[in-house]
There are 2 protein chains.
Amino acid sequence: MPRPAVPARSNPPAAVEEVDTSFLETLLGYNARRAALAVITVFVERMAPFQLKPVDFSVLSLVRHNPGITSRQLCTALGILPPNLVGMVNALEKRELVARQPHPRDGRAVGLHLTARGEKLMRDAEKTAAELEADFAARLSPSELRNLITLLKKVYS
Amino acid sequence: MPRPAVPARSNPPAAVEEVDTSFLETLLGYNARRAALAVITVFVERMAPFQLKPVDFSVLSLVRHNPGITSRQLCTALGILPPNLVGMVNALEKRELVARQPHPRDGRAVGLHLTARGEKLMRDAEKTAAELEADFAARLSPSELRNLITLLKKVYS
DNA sequence: TATTGTTATACTCTATAACTATA
DNA sequence: TATAGTTATAGAGTATAACAATA
């Protein structure tokens with residue numbers, strides 16, 4: 001039988017002066033999400049001149065370092081679902097940053113390659129990404145940054 | 001003048017055997033996002049019995065440790081926009097986990113409190129969250145986990 | 001005049017089912 | 001029969017503008 005929705009400690013209708021987040025701050029997920037959000041926010045700002053969102057950057061970077069990569073391989077590597085990648089690649093193709101070429105051995109698949117324009121853009125964009133790392137290293141100290149990345153990899157692999 | 005969308009290195013239409021993600025793995029944002037995703041995925045599974053999504057958990061946990069907290073304070077602490085919090089709190093109120101009470105000093109504001117049912121649920125849910133931490137400590141070693149959380153806090157604060 | 005809570009609404013992101021062409 | 005790419009579409013998450021009540 002449903003009980004009435006009455007506060008557990010109903011007597012003092014107190015006000016909260018400063019919010020206590022100490023319990024949440026003990027949780028790895030909470031801290032990882034907030035850190036990811038902080039970094040990605042800066043990333044978005046720095047990539048705006050290139051008109052690249054984080055996903056676009058990841059896609060183009062993988063294409064750059066894996067010329068001929070297929071959509072399926074991109075989806076697996078980045079955790080994107082195939083239907084959601086189609087529109088991204090179409091947009092990047094319309095901007096003449098990537099080009100689709102027939103796969104040498106599999107007639108169903110399509111290999112993705114950077115165009116000269118895409119190569120030029122990504123050379124600058126990856127340089128910008130590397131500079132962002134350097135800036136966070138200032139917040140952290142180079143060895144702490146290396147340590148952090150090592151630990152993060154242990155978490156997700 | 002627009003150049004034709006021709007691959008930069010067009011000669012060998014090569015296939016990619018194994019995807020090289022080494023550049024992305026040097027980036028803090030990429031690693032932080034993947035780690036957050038990994039932890040949150042497990043979190044979602046473990047919280048399913050309580051029918052709590054990560055946001056619901058965060059909201060209820062802050063209400064638990066800050067009885068009388070206002071919507072505005074929740075939004076600021078969790079980075080949620082006010083219009084998007086309304087529906088969550090309504091749903092939690094309908095489940096009789098939280099109750100709204102008039103704010104003692106500000107007639108515009110509403111203080112949020114856990115009901116007895118909400119208190120009981122969150123006692124178990126926070127215990128489950130703490131166990132999840134312990135499981136990840138197994139992946140990492142307790143001192144590495146503490147170190148990781150410390151470094152993550154440095155990143156976002 | 002500014003702020004809290006709210007509604008309405010739009011835009012993005014993510015997820016599922018189903019089709020086609022090749023294997 | 002299974003897989004790569006695609007389409008259509010639905011749902012969740014996130015964003016802005018505007019309003020009523022109160023400060």
Side-chain angles (χ1 to χ4, degrees), chain A residues 13 15-17 19 33-34 36-37 40-41 43-45 47-48 51-59 63 66 68-94 98-113, chain B residues 13 15-17 19 33-34 36-37 40-41 43-45 47-48 51-59 63 66 68-94 98-113:
Chain A
V16 173
E17 303 308 326
V19 177
R33 184 174 173 278
R34 288 205 56 171
L37 224 67
I40 289 169
T41 299
F43 190 89
V44 167
E45 291 168 9
M47 287 300 158
Q51 297 190 50
L52 294 179
K53 284 175 290 186
V55 205
D56 300 319
F57 177 90
S58 302
V59 167
V63 173
N66 301 271
I69 191 172
T70 68
S71 296
R72 182 63 50 157
Q73 288 174 313
L74 276 174
C75 285
T76 303
L78 295 176
I80 304 171
L81 290 170
N84 300 328
L85 183 70
V86 177
M88 300 179 206
V89 174
N90 283 342
L92 295 173
E93 196 179 28
K94 187 164 278 178
V98 297
R100 296 180 218 238
Q101 290 207 308
H103 191 281
R105 291 195 313 276
D106 190 335
R108 300 166 300 181
V110 182
L112 296 173
H113 301 259
Chain B
V16 173
E17 303 307 327
V19 177
R33 184 173 172 280
R34 288 205 57 172
L37 224 67
I40 290 170
T41 299
F43 190 89
V44 167
E45 291 168 9
M47 286 300 157
Q51 296 190 48
L52 294 179
K53 284 174 291 186
V55 205
D56 300 319
F57 177 89
S58 302
V59 167
V63 173
N66 301 271
I69 192 173
T70 68
S71 295
R72 181 63 51 156
Q73 287 174 313
L74 275 174
C75 286
T76 304
L78 296 176
I80 305 171
L81 291 170
N84 300 328
L85 183 70
V86 177
M88 301 180 206
V89 174
N90 283 342
L92 295 173
E93 196 179 27
K94 187 165 279 180
V98 296
R100 295 180 218 240
Q101 291 207 305
H103 190 281
R105 292 194 314 276
D106 190 334
R108 299 166 303 181
V110 182
L112 295 174
H113 301 259

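A, B, ... follow the sequence lines: proteins, then strands. Residue 1 opens every chain.
Spacing between atom CE of Met88(A) and atom P of dG5(D) amounts to 15 Å, rounded to whole angstrom units. In this structure, the CG atom of Leu81(B) is 14 Å from the C1' atom of dT6(C), given to the nearest Å. Computed from coordinates, the Glu93(B) CD to dG5(C) C1' distance equals 13 Å when rounded to whole Å. Spacing between atom CD1 of Ile69(B) and atom P of dG5(C) amounts to 10 Å, rounded to whole angstrom units. The distance between atom CG of Leu74(A) and atom P of dT3(D), rounded to the nearest whole Å, is 19 Å. Summarising the geometry, the separation between CD1 on Ile40(A) and P on dC13(C) is reported as 12 Å, rounded to the nearest angstrom. In this structure, Leu85(B) atom CG and dT7(C) atom C1' are separated by 14 Å, rounded to whole Å. Asn84(B) has its CG atom 12 Å from the C1' atom of dA10(C), to the nearest Å.
Residues Leu81(B) and Cys75(B) have side chains not in contact (no heavy-atom distance under 4.5 Å, counting atoms from C-beta outward). Between Leu78(B) and Val59(B), the closest side-chain pair of non-hydrogen atoms falls below 4.5 Å. Between Leu74(A) and Val63(A), the closest side-chain pair of non-hydrogen atoms falls below 4.5 Å.
For dT12(C), neither phosphate oxygen OP1 nor OP2 lies less than 4.0 angstrom from any side-chain nitrogen or oxygen of Lys53(A). For the pair Arg100(A) and dT6(D), the criterion of a side-chain N or O lying under 4.0 Å from OP1 or OP2 is met.
For the pair Asp106(A) and Val55(B), nearest-nucleotide mapping onto DNA chain D gives the more 5' position to Asp106(A). With DNA chain C read from its 5' end, the first of the two nearest nucleotides for Arg108(A) and Pro83(A) is the one closest to Pro83(A).
Relative to the side chain of Pro82(A), the nucleotides dT7(C), dT16(D), dT6(D) differ in distance, and dT6(D) lies closest. For Thr70(B), taking side-chain heavy atoms from C-beta onward, the closest of the listed nucleotides dT3(D), dG13(D), dG5(C) is dG5(C).
With hydrogens and angles disregarded, a donor-acceptor distance shorter than 3.5 Å links the side chain of Gln73(A) to the backbone of Val16(B).
Just one residue in the list Val110(A), Thr70(A), Leu112(A) forms a side chain to side chain contact (heavy atoms under 4.5 Å, CB included) with His103(A), and that residue is Thr70(A).
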